[in-house]
Amino acid sequence: MDNWRKSSYSGPDDGNNCVEIANSPTRVAVRDSKVPARATLTFPATAFAPFLEALKESAREL
């Protein structure tokens, strides 16, 4: 995947450190923008939205 993009929330105040995602028709990949050559998490496209919702729910519980 070569169409990596950072979150729009990533900015100079956080050192531009964020996760990046890349989409294909069937997969979504996630990587750490600070170390892009390291491993990525790859999800089936249909599983990515539920993954994000679970993260948001976990954040609300903190």
Side-chain angles (χ1 to χ4, degrees):
M1 294 188 174
D2 59 358
N3 56 340
W4 293 98
R5 63 188 186 281
K6 285 186 186 181
S7 166
S8 60
Y9 293 101
S10 179
D13 293 338
D14 62 17
N16 288 318
N17 295 328
C18 196
V19 295
E20 298 173 315
I21 65 168
N23 294 60
S24 79
T26 59
R27 313 289 293 166
V28 177
V30 180
R31 70 181 182 186
D32 185 341
S33 65
K34 296 180 304 287
V35 284
R38 284 195 158 171
T40 62
L41 295 173
T42 305
F43 298 87
T46 57
F48 191 66
F51 169 73
L52 289 180
E53 288 304 316
L55 287 177
K56 290 175 187 177
E57 184 63 31
S58 293
R60 283 190 286 267
E61 293 173 2
L62 295 178

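Hydrogens, waters and symmetry mates play no part in the numbers below; they use all other heavy atoms, side chains included.
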**Request:** Only counting residues at least two apart or in another chain, list the ones meeting ring-ring contact (aromatic ring centres under 6.0 Å, His included) with Phe51.
**Result:** Phe43
**Request:** Can you see which heavy atom on Glu20 is nearest to which on Trp4, and at what distance?
**Result:** O-CZ3, 3.6 Å
**Asked** Residues two or more places apart in sequence or in another chain: which of them pass side-chain contact (heavy atoms from CB on, under 4.5 Å) with Pro25?
**Response** none
**Message:** Going by side-chain contact (heavy atoms from CB on, under 4.5 Å), name the residues that satisfy it together with Glu61, two or more places apart in sequence or in a different chain.
**Reply:** Glu57
**Prompt:** For Arg38, what residues pass the salt bridge (Lys or Arg N to Asp or Glu O under 4.0 Å) criterion, not counting sequence neighbours?
**Reply:** none
**Request:** Check Asn23, Leu41, Val28 against Phe48 for a side-chain contact (heavy atoms from CB on, under 4.5 Å) and give me the one that passes.
**Result:** Val28
**Complete:** For residues 39-56, the salt bridge (charged side-chain N to carboxylate O under 4.0 Å, His left out) pairs (sequence neighbours left out) are Glu53-Lys56
**Asked** Would a distance-only check, ignoring hydrogens and angles, find a side-chain to backbone donor-acceptor pair under 3.5 Å from Ser33 to Cys18?
**Response** yes
**Request:** Could you walk me through whether Ile21 and Arg5 pass the side-chain contact (heavy atoms from CB on, under 4.5 Å) test, one step at a time?
**Result:** CA-CA 6 Å; Ile21 65 168; Arg5 63 188 186 281; 3.5 Å; yes
